[in-house]
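The first residue in the sequence is number 1, and the count goes up from there.
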Amino acid sequence: MKRYHIEFNDYEPKYVQIAENIKKLINSNVIKDGDKLPPIRELSKELSVNNVTIVNCYNKLKSEGYAYQKMGSGTFAKKRELVDNFKKEYSKEIKFIKSNVNNEIIDFTGEGSKEVNFPIEKFKNVINAVLDRDGAEALIKEEPFGYTNLRDTINKIFWENQLNIDNLLIVSGAQQGIDIASKAILNINDNVAVERPTYAGALSVFKFRRANVFEIPIEEDGINIKKFEEILKKNKIKCFYVMSYFQNPTGISYSLEKKVKILELAKKYDFYIIEDDYLSELIFSDDLKHQPFKALDNDDRVIYIKSFSKIFLPGIRLGYIITPEKFRESIQNSKINTDIATSTLMQRALEMYIKEGYWINYIEDLKSEYIKRYNIMKNIINEELYEYITFTPPKGGLSFYLHLKNKNIKSKELFYKLKKRNVYITPGVIFYRGSTVGEEYFKIGFSQVNEEEIKRGIQLIKEELEKWHI
């Protein structure tokens, strides 16, 4: 067992160091795919650590897809290559269909506006009005933290003037917001908590920052609080990344009770919350009220991120971040180091668009159209796929997360079969960190498809699922 020997450092948990060493051995084929890892007691004795350290190590390896357990037999090594290759292939396929016009493709993967009653003439008039009013300044003046009038208007229209606008920065979409926040508050080997499953873009940011990621399973109204607190008791968590409305991919929205409890835990265990307020404009039910974590934040522990790109024009890449006082300077510096300034013309046009009331009217029109598509997709899923899947209607957002009843069906296999028929879905494995967990789920969205495409696409999904039952 000398191959497991490790010289421990003083700044990382021992179970993390052991896990990283085993991952290196697996990646270099010293430990081969399917090799049995040493029994817990045996390895703990070899490395002079307690049994709990090895248990935590093996749990980390399993959660990251580097190991799996056979009941009664032990823990076995697993190469991540197949999972990672699929994610790369999936990403390549999606980029291809986004960049090529093919009227035969039914794209259930997208989550952005596409020819949905966008008043392009009105927006063009707004841009012209901005240019007439501001002249060359609209094109050349840079404000690193964002156009002041836009920040004022966001505060007034969306936050009832309750914010200190020094804490509000304009960013180039939610993904940049997550990246900026992470650069500002995370160091190597800091611990981050996330929902399981969660947005792949956030996982990639935390991976790049070389943070240790702890996953908390998600339930119908938010994460499992009991399991979250168990993690908090044993580990110093720096921040918790959360999507408060229509979580990607599950579509769940947090209950008020869980929001309040998580904020209490943040104060008790001294961590910060990165809130990605995702698609909350698209609430379709009176049961849901827009009350984000930030609106309940009495202890200044929430970093709030909002994007306009998903439901407005993806090409303008605009959003904003609200920082706690403690991190204002570090987040401002992180923003400047990232891209100096965000498009000033688009900021000015968006400010006028919101201030003149066009934004509210647009959102109402958008909701009206998406509610139709939501109900059409929900009804057709119930009518056509009830034998094969279960799901919980999300009451808003842009997609449905479907659970396959037949355990023999894998969503990756379904993806390949549907691809041949020009139908694209998102397999659940995309939303899990380095494991094959999630193959019993897939996501389909309705923002890129019309009514006829919804009907035809779901019919083709049904035909493929039927083949497993023949």
Of Y254, F240, Y304, which is the lone residue that meets ring-ring contact (aromatic ring centres under 6.0 Å, His included) with F293? Y254
Any cation-pi pair here, K294 with W159, using under 6.0 Å and within 45°? no
Just checking, K412 and F86: is the charged tip under 6.0 Å from the six-membered ring centre and within 45° of the axis? yes
Contacts of type salt bridge (charged side-chain N to carboxylate O under 4.0 Å, His left out), residue D299, not counting sequence neighbours: K267
Are the side chains of E387 and E466 in touch, meaning some heavy atoms are under 4.5 Å apart? no
Do the charged groups of K306 and D276 touch, with an N to O distance under 4.0 Å? no
Tell me which one of F108, F246, Y374, Y441 satisfies ring-ring contact (aromatic ring centres under 6.0 Å, His included) with F400. Y374
I would like to know whether Q175 and S204 meet side chain to side chain contact (heavy atoms under 4.5 Å, CB included); could you show each step before the answer? CA-CA 10 Å; Q175 183 68 28; S204 67; 4.3 Å; yes
Aromatic rings F446 and Y370: how do their planes relate, parallel, tilted or perpendicular, breaks at 30° and 60°? perpendicular
Please examine the side chains of I381 and Y386, heavy atoms only from C-beta on, and report whether any two atoms are closer than 4.5 Å. no
Can you confirm whether the side chains of Q291 and K259 place a donor and an acceptor under 3.5 Å from each other? no
Stepwise, does the ring-ring contact (aromatic ring centres under 6.0 Å, His included) test hold for F442 with F415? CA-CA 9 Å; F442 66 98; F415 170 82; over 10 Å; no
